Amino acid sequence: MSRDYVLHNTQAPADLQIDYAGELNPQQLAAVMSPPGPSLIIAGAGSGKTRTLTYRVAFLLEQGIAPERILLLTFTNKAAREMMRRVADLLGTELRALWGGTFHSIGNRMLRQHAALLGFTAFFSILDREDAKDLLTTCIAESKIDTKETRFPKADVLGDIFSMSVNTGKSIAETLGQFYEYFAHLAPEIERVARLYIQRKQAANGMDFDDLLVLWLKLLREHADVRELYQRRFQFILVDEYQDTNSLQSEIIDVLAAGHRNLTVVGDDAQSIYAWRGANFQNILKFPERYQGASVHRIETNYRSTPEILEVANAAIAPNTQQFKKELHAARPSGLKPALIPCNDGSEQAVFICQRVLELRDEGVSMNNIAVLYRSHFHALELQLELTRRNIPFSITSGIRFFEQAHIKDIAAFLRMVSNPKDELAFKRLVRMLPGVGGKAAEKLWDALFASVNRVEVITEMNASPGLQAAVSNPPTPPRPALAVSLARLSNLVPKKAAVAWAQFTATMSQIEAPDVRTKPSQMIALIVLAVYEDYLKEEFPNYRQRLDDVKQLAEFAERFQSLDEFLSQLALMTNVESQESSTAASRDQEQLKLSTVHQAKGLEFDIVFVIMLCDGMFPSGRSSDSVDGEEEERRLFYVAVTRAKNELYLTYPLMRFTPGSTGDVFQQPSRFLGEIPKHLLEEWNLRPHNNSPF
């Protein structure tokens, strides 16, 4: 028989220093002063989510809850530090005892205290991505898997497979079937590597980033004394960006909150856009079912955007069936209607954006406050070209510029070798892509190729010249492409591990340097992808589909050039300009137009936003719109894009677009999301060319 005995808090409640009613709107106030128990705060875009969570922490402290009894979980350490700083400013006191940080940092902190229970020491190492890659490479070798017989995923890809598996709570076989179906037949071998990887980490007293969550949950599940210790310790748990939690994170939260159920989660189901990296949308959607009696607060006053932009945002998200219905209301005065701009093609779209950006700058808007958002990186190709041509400075939030990306440079290397068989850098880049070919082997192959190319060129010149032909005792042979001949002669120098891949590489080079193909760079790229490069992408990169889309876009870009040399010249000029700009832009230009994928722009805001390439198959993407869940996530992504805009919003799409494999330009269907917005909410702009002629 047991009896509960309540220990009263000896720390007297602080006098309320904060005028909560004066500093919060009624919806925020209700959420902040919610009574103990489970609470879900649905904070719409621009509604002051961080402010609400900050005041909730301050309110708990002013109610006499000791800082060490509060756990604040966020997705970035920066967010945690910012919230704790704000609370400290509100209360005028330091909060060192409050546990606040990312899931991984809090997991690390707990595991350091109890590592021995899991077979580690308190001084375990944390493997970064490069460490994990090296260890996985070792595990593949130890597993005795014949990577020569079949394309086996490289360490980076394996790491992402294992990560997706643990973060979604799915088996490796299930993960492969859902996300990496092209490796599903290798499930037994991949599972073998996974087991060995776990053993090797344990033996090395090391954990990777996923282990900080996996082993944290294992610790709580399997050790009741530890579980009860932290359940008692953390009287109140608060979670930021709850819509982005995965199954593993959600279960950790549920275990910690199981005793007292004083759990406050804050998020916006309409901004759940990370299913592709394991986030579980059902966590926030089903929260009231999992926590019976939970209070649900909707915060719908938006302080960011004009009423006209919010009307479009509300209309954009309304068709989703899986959501907490809400209606954003503007705190700001009226502004301009969002504009809808159909363009003839991608090039005209780019011209329009550049011209409008320069007009806005003349009107006093800093380019730092203007953003161009898109669904996928390759959608901005024409725009990058036009911005460079006009010398308009820009930065890309989502990463490397188009022509600097590894997969684009790989494809360019194939073409450069056809154009110039003496291109040492291109050759070495290509052969290092083959299994078992490192720096030394690449150098050896290059030396042999260089000699062979020169020898074949001499023979070819002799065959082409009647004067020289007479000096040759044997009858002349028809000229053959120098590169195909030379590569064929190197097969005996290639490492055994690369023999099959070398034969395929040689055949591919022979195909693309054929006289009827080498004048058509777009066709060359298509052949490279079909013959070798798509398989290479699958093996090397977790985001292979995105990279494949980029390569297809490069093939489309190549269609506009009359020759291979002209295409390569433009490619080289663009890459060179970008490389110079990337190193000196910050010093030369205080202002830069922001280019970003919508995913990377989440959480940001801009005075002016352009959302481009709003065509079905592009936004929403063709693959994502195959299912109801996929289409609804794409609609949430569109909603995120729209709600980044504060003052002006421009929605653009091309009417025509060249599609590789087609006979020419193809009509584009405007995004279905545009069709869901009532016409009276948008102002349509009709673009027409300026005629300088006096006739």
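As the structure is a prediction and not an experimental result, all values here were calculated from the model.
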Between R644 and F606, is NZ or CZ placed under 6.0 angstrom from the six-membered ring centre and within 45° of the ring axis?
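No - R644 does not lie over the ring of F606 by the 6.0 Å and 45° rule.
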R277 to Y274 six-membered ring, cation-pi geometry met (6.0 Å, 45°):
yes
Salt-bridge test for R672 and E676: reply yes if a basic N is under 4.0 Å from a carboxylate O, no otherwise.
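Result for this pair is no, no salt bridge flagged.
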Charged N to carboxylate O under 4.0 angstrom, E424 versus K428?
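Looking at E424 and K428, the cut-off is met.
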Report yes or no: do [X] and [Y] form a side-chain donor-acceptor pair below 3.5 Å?
| X | Y | answer |
| --- | --- | --- |
| E382 | S347 | no |
| R332 | N302 | no |
| T50 | E82 | no |
| Q243 | E241 | yes |
| D550 | H407 | yes |
| R416 | N420 | no |

Rounded at 0.5 Å granularity, tell me how far [atom1] in [X] sits from [atom2] in [Y].
| X | Y | atom1 | atom2 | value |
| --- | --- | --- | --- | --- |
| E540 | D410 | CD | CG | 9.0 Å |
| H379 | T597 | NE2 | OG1 | 11.0 Å |
| L415 | M417 | CG | CE | 11.5 Å |
| Q669 | M618 | CD | CE | 14.0 Å |
| S522 | L554 | OG | CG | 8.5 Å |
| S671 | R635 | OG | CZ | 9.0 Å |

The test is side chain to side chain contact (heavy atoms under 4.5 Å, CB included); show your working for V529 and L548 and say whether it passes.
CA-CA 8 Å; V529 170; L548 183 60; 3.7 Å; yes
Give the C-alpha distance, both sets of side-chain angles, the deciding distance and a yes or no for side chain to side chain donor-acceptor pair (under 3.5 Å) between D549 and S376.
CA-CA 9 Å; D549 284 340; S376 297; 5.3 Å; no
Using a 3.5 Å distance criterion without hydrogens, assess whether the side chain of [X] forms a donor-acceptor pair with backbone atoms of [Y].
| X | Y | value |
| --- | --- | --- |
| E683 | A339 | no |
| R636 | S272 | yes |
| N320 | E632 | yes |
| E513 | R518 | no |
| S510 | T506 | no |
| S163 | G159 | no |
| T652 | I341 | no |
| N369 | D607 | no |

Counting C-beta onward and ignoring hydrogens, is there a side-chain heavy-atom pair between [X] and [Y] closer than 4.5 Å?
| X | Y | answer |
| --- | --- | --- |
| F673 | I677 | no |
| L383 | L595 | yes |
| M656 | F667 | yes |
| I161 | M164 | no |
| F352 | R356 | yes |
| F610 | V357 | yes |
| L373 | I612 | no |
| K602 | D244 | yes |

State whether the number of non-hydrogen atoms from other residues, nucleotides or ligands found under 6.0 Å of [X] atom [atom1] is greater than 12.
| X | atom1 | answer |
| --- | --- | --- |
| Q562 | CD | no |
| K337 | NZ | yes |
| R361 | CZ | no |

Please name the pair of heavy atoms, one in [X] and one in [Y], separated by the smallest distance, quoted to 0.1 Å.
| X | Y | value |
| --- | --- | --- |
| S621 | R375 | OG-NH2, 3.9 Å |
| R432 | G438 | CG-O, 4.2 Å |
| F567 | F561 | CD1-CD1, 3.5 Å |
| P654 | Q668 | O-CB, 3.3 Å |
| A448 | L490 | CB-CD2, 3.4 Å |
| G335 | P307 | N-CD, 4.5 Å |

Report the residues that fulfil salt bridge (Lys or Arg N to Asp or Glu O under 4.0 Å) with D345, sequence neighbours left out, ordered by chain and then residue number.
none
Proximity of [X] and [Y] rings by center, below 6.0 Å:
| X | Y | result |
| --- | --- | --- |
| F378 | Y374 | no |
| Y533 | Y536 | yes |
| W685 | Y650 | yes |

Criterion side chain to side chain contact (heavy atoms under 4.5 Å, CB included) on R547 and Q405, from CA distance to verdict
CA-CA 9 Å; R547 292 175 186 261; Q405 298 176 106; 5.5 Å; no
From CA spacing to verdict: side chain to side chain contact (heavy atoms under 4.5 Å, CB included), V157, E539:
CA-CA 7 Å; V157 180; E539 180 185 342; over 6 Å; no
Decide yes or no on salt bridge (Lys or Arg N to Asp or Glu O under 4.0 Å) for R545 and E181, but give the supporting numbers first.
CA-CA 12 Å; R545 290 186 178 90; E181 70 283 354; 2.5 Å; yes
Stepwise side chain to side chain contact (heavy atoms under 4.5 Å, CB included) test for L360 and E648
CA-CA 10 Å; L360 289 165; E648 296 181 31; 3.7 Å; yes
